[in-house]
J.: 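Right, I'll just put the structure down here and ask away after.
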Amino acid sequence: MVELNLEHIYKKYDNADDYSVTDFNLDIKDQEFIVFVGPSGCGKSTTLRMIAGLEDITKGDLKIDGNVVNDEAPKDRDIAMVFQTYALYPHMTVFDNMAFGLKLRKYSKDEIDKRVHHAADILGLEEYLERKPAALSGGQRQRVALGRAIVRDAPIFLMDEPLSNLDAKLRVAMRAQIAKLHQDLKTTTIYVTHDQTEAMTMADRIVVMKDGKVQQIGTPQEVYDQPTNVFVGGFIGAPAMNFFNVTLDQGYIYDEGKNFNLKVPEGCLKILESKGYEQKKLVFGIRPEDMHTEQAFIETFPDSIVSATVSVSELLGAESQLYSKVGETEFVCKVDARDFVQPGTKVTMGVDLNKAHFFDPETENSVY
Amino acid sequence: MAEKIHTKGKSSIKRSRFIKYFLTYLFMLLLSLVIIYPLLITVMTAFKNSDVVAFTLSFQGPWTLKNFQDLFMTTLYGKWYWNTLVISVATMVIQVAVVTLAGYTYSRYSFAGKKWSLTFFLVVQMVPTMAALTAFYVLGMLLNGLDHYWFLTLIYIGGGIPMNTWLMKGYFDTVPYDFDESAKLDGAGNFTIFWKIVMPLVKPMIAVQALWAFMGPFGDFMTARYLLREESNLTVAVGLQQFISDPKDQQVALFAAGAILIALPICALFFYLQKYFVTGLTAGGAKG
Ligand SMILES: Nc1ncnc2c1ncn2[C@@H]1O[C@H](COP(=O)(O)OP(=O)(O)OP(=O)(O)O)[C@@H](O)[C@H]1O
Ligand SMILES: [Mg+2]
């Protein structure tokens, strides 16, 4: 059983003018798989390193099982971490790399042997135990780094972009392996990535960060379906959510050049009106997969139609992506492969407004 | 047509490769001549009768081991040799320890005056030993260290610290900090990180340091000449010089024999340390 609480955590580096992490709040439950995601430089590694004890916490409390551990040395926190660079000790064999932490913690030789072989077995490293890291491939090194964390049987795993040095295929394979590992070991894990696919597929809960601030915390589904602001909407999901600047006018929204006029569904409209957005500007967000080119859809919802010119179209096997332009706004539409069209074609698209998101143009926060 | 160009390209690559190797070997050959020629003279002279009067290369006998016998029987050479060994080993052990610890500290920790003192090291290094000799002498008088090994050893160590601390720091810097942090999480304290993780990765540099520090006292003439007085206290370099210092009676053969023996401990240490002179120890620890 382990619980982790981050309470109003701030971090300012000595040589920096600004806070790198601002008011970070998060309660992590036992066995949870948390993913920190966000663009480069948003403070993911900094937060992780504060949890590990590698960086001082400027302000706020970090609690493990209710005890404030701000001032505890890393070795006393009993946390295992996988580094982005793996940081395998080059002069030690794979076996010794995994055994090092156990030896320092004074485990018996038999116990060390047992644990290392168990971990090597899980990770398929048995035949490499006597090799030095230099004689391993990138994927094997990555697994040794994981193994080093596993043997410790630590209650908390931290991983800082552990897959970013691997090629695409290996990354998918290792992603599955880490997910499976978590299912088996159930160790509370915090995983840092800037890859939203990794975040969506692995996380119990995602923490989306930007400029040192938490933007949203929620399950992958929540973060995907109910983004709290424009940034989260645009960051999670691939291809990214499309945004249009629109004005709400008597149940309809139109863009600046009045290139389209879309009917807002009843329930949504009520909320927008009650929040005082009638005749006001809004940011209208719609995901590429919620735009359709099927004839049936267009005929059923004649009030939800946008006419656009396709500028680039990509055929991705089962589906195709149409990069299009309406007025001055560019957007992407993800459609069935059958509906692939050549660039330059004018296409009529149906917009599923039941899946629409609305944001305030000033605050960029979600209003519906 | 295409084939023609192809073969032409091939032969010109071959030729330029040939020229490259030719020049490389020529250069190495010249260099080895420059090194081997005087060495050969010394070796030859050492095994000749004591009536040789000048260093010349000649392969004519008769050959004898008498010079080596004389060195130890009739001169103080044995004593000088011992003096030098003691000073060398002391210098090596202490200097390597100090420089390694200092280099590690400079590389891994931040403290008040770090930048300033590093600059100071560099500046101090620019003062030539010649200019410092008088200061050493005065210092020796004040501390009552003239004609004592410990003072000379101290001077050797002190002289070696600034530059070598720089070098060590630079080498420690090449060991990624991730290793330290990883070890920290594995439960290692400061000493374990130093001893078990970082130190093994800078062995090549430590070996080089040890060799240099050991060689120093064998090769130094000036400082030892200045600070040592008593004939039986001399180091080999100073002692040997006495054999040829009298222009009317230069004991060339004796000098050569003594010079060759100096090479023995240095060679031995070199071959012992050779296994550490491997580069790229940190390879494979990081990145994919
Ligand atoms: N040692 C440091 N000293 C000063 N500023 C730092 C230091 N380390 C990081 N920063 C700053 O803190 C901010 C957050 O950095 P951090 O490494 O946590 O980003 P990140 O989210 O992990 O990014 P990435 O995805 O590129 O790894 C950045 O603006 C960075 O410039
Ligand atoms: Mg990072």
Side-chain angles (χ1 to χ4, degrees), chain A residues 14-15 49 52-55 73-92 94 96-106 131-142 144-145 148-149 151-152 154 156-158 160 162-167 170-171, chain B residues 100 103-104 106-116 118 168 171-208 273-288:
Chain A
D14 290 339
N15 51 355
R49 292 166 54 81
L54 297 172
E55 298 285 354
K75 65 176 167 133
D76 301 322
R77 297 190 190 184
D78 203 12
I79 287 173
M81 180 161 169
V82 177
F83 289 76
Q84 181 175 0
T85 58
Y86 312 152
L88 304 179
Y89 312 126
H91 55 300
M92 297 184 193
V94 169
D96 288 334
N97 260 285
M98 294 205 254
F100 185 67
L102 300 176
K103 281 180 189 158
L104 289 176
R105 287 184 159 78
K106 306 259 181 294
R131 289 209 200 163
K132 297 262 176 75
L136 298 177
S137 74
Q140 290 161 346
R141 284 177 203 175
Q142 214 287 331
V144 178
R148 216 162 49 167
V151 291
R152 288 260 312 277
I156 300 169
F157 279 1
L158 307 179
D160 193 350
L163 306 183
S164 62
N165 283 336
L166 303 179
D167 65 56
L170 204 51
R171 204 172 329 171
Chain B
T100 305
Y104 183 72
Y106 272 108
S107 168
R108 289 306 202 250
Y109 297 93
S110 61
F111 48 88
K114 172 171 168 175
K115 227 172 153 182
W116 179 87
L118 271 174
M168 271 323 279
Y171 208 84
F172 274 119
D173 284 346
T174 65
V175 178
Y177 203 64
D178 278 359
F179 295 156
D180 301 44
E181 295 188 331
S182 181
K184 251 186 224 175
L185 287 164
D186 265 343
N190 285 337
F191 181 75
T192 314
I193 293 174
F194 170 71
W195 193 251
K196 289 270 178 61
I197 304 294
V198 186
M199 251 267 286
L201 297 175
V202 299
K203 269 185 194 160
M205 196 58 182
I206 293 180
V208 171
L273 291 176
Q274 207 178 23
K275 61 173 178 278
Y276 298 112
F277 297 142
V278 276
T279 49
L281 270 187
T282 54
K287 284 200 301 230

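What you see is a predicted model; the values in this text were computed from it and never measured. Proteins come first, then strands; the chains are lettered A, B, ... in the order of their sequence lines, and each starts at number 1.
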J.: Mind checking the OH-OG1 spacing from B/Tyr177 to A/Thr85? Nearest 0.5 Å is all I need.
T.: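 B/Tyr177 OH to A/Thr85 OG1: 13.5 Å, rounded to 0.5 Å.
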J.: Specify the closest pair of heavy atoms between A/Ala87 and B/Ser182, including all atoms of both residues, with the distance to one decimal.
T.: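 Here A/Ala87 and B/Ser182 meet closest at O-OG, 3.8 Å.
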J.: Looking at B/Asp186 and A/Arg105, is any side-chain nitrogen of the basic one under 4.0 Å from a carboxylate oxygen of the acidic one?
T.: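 No, A/Arg105 and B/Asp186 are not salt-bridged.
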J.: Quick one, A/Met92 with B/Ile197, criterion side-chain contact (heavy atoms from CB on, under 4.5 Å). Give me CA distance, side-chain angles, the key distance, then yes/no.
T.: CA-CA 9 Å; A/Met92 297 184 193; B/Ile197 304 294; 3.8 Å; yes
J.: Please identify, among A/Gln140, A/Gln142, A/Arg148, A/Lys132, the residue contributing the most non-hydrogen atom pairs under 4.5 Å to chain B.
T.: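 When all of A/Gln140, A/Gln142, A/Arg148, A/Lys132 are compared, A/Arg148 has the most.
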J.: Quick one: what part of A/Ala52 sits under 4.5 Å from any heavy atom of chain B, side chain, backbone, both or neither?
T.: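 Both backbone and side chain.
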J.: If you take all heavy atoms of A/His91 and B/Pro200, which pair is closest and at what distance?
T.: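 The answer is CD2-CB, 3.4 Å.
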J.: Would a distance-only check, ignoring hydrogens and angles, find a side-chain to backbone donor-acceptor pair under 3.5 Å from A/Tyr89 to B/Lys196?
T.: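 Pair absent, no side-chain N/O of A/Tyr89 close to backbone of B/Lys196.
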J.: Around B/Lys275, counting heavy atoms of other residues, nucleotides and ligands shown, do more than 12 lie under 6.0 Å from its NZ?
T.: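 Correct, the count exceeds 12.
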J.: Where does A/Arg77 contact chain B at under 4.5 Å (heavy atoms): side chain, backbone, both or neither?
T.: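 A/Arg77 has no heavy atom closer than 4.5 Å to chain B.
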J.: Determine whether B/Leu185 and A/Phe83 make a side-chain contact, defined as any pair of heavy atoms from C-beta on separated by less than 4.5 Å.
T.: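 The answer is yes; the side chains approach within 4.5 Å.
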J.: Are A/Met81 and B/Glu181 close enough that some pair of their side-chain heavy atoms sits under 4.5 Å apart?
T.: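 No, every pair of side-chain atoms sits at 4.5 Å or beyond.
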J.: With a 4.5 Å heavy-atom cut-off, do A/Phe100 and B/Thr192 have their side chains touching?
T.: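 Contact flag for A/Phe100/B/Thr192 side chains = yes.
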J.: So, do A/Pro90 and B/Leu201 sit near enough that their side-chain heavy atoms are less than 4.5 Å apart?
T.: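 Contact flag for A/Pro90/B/Leu201 side chains = yes.
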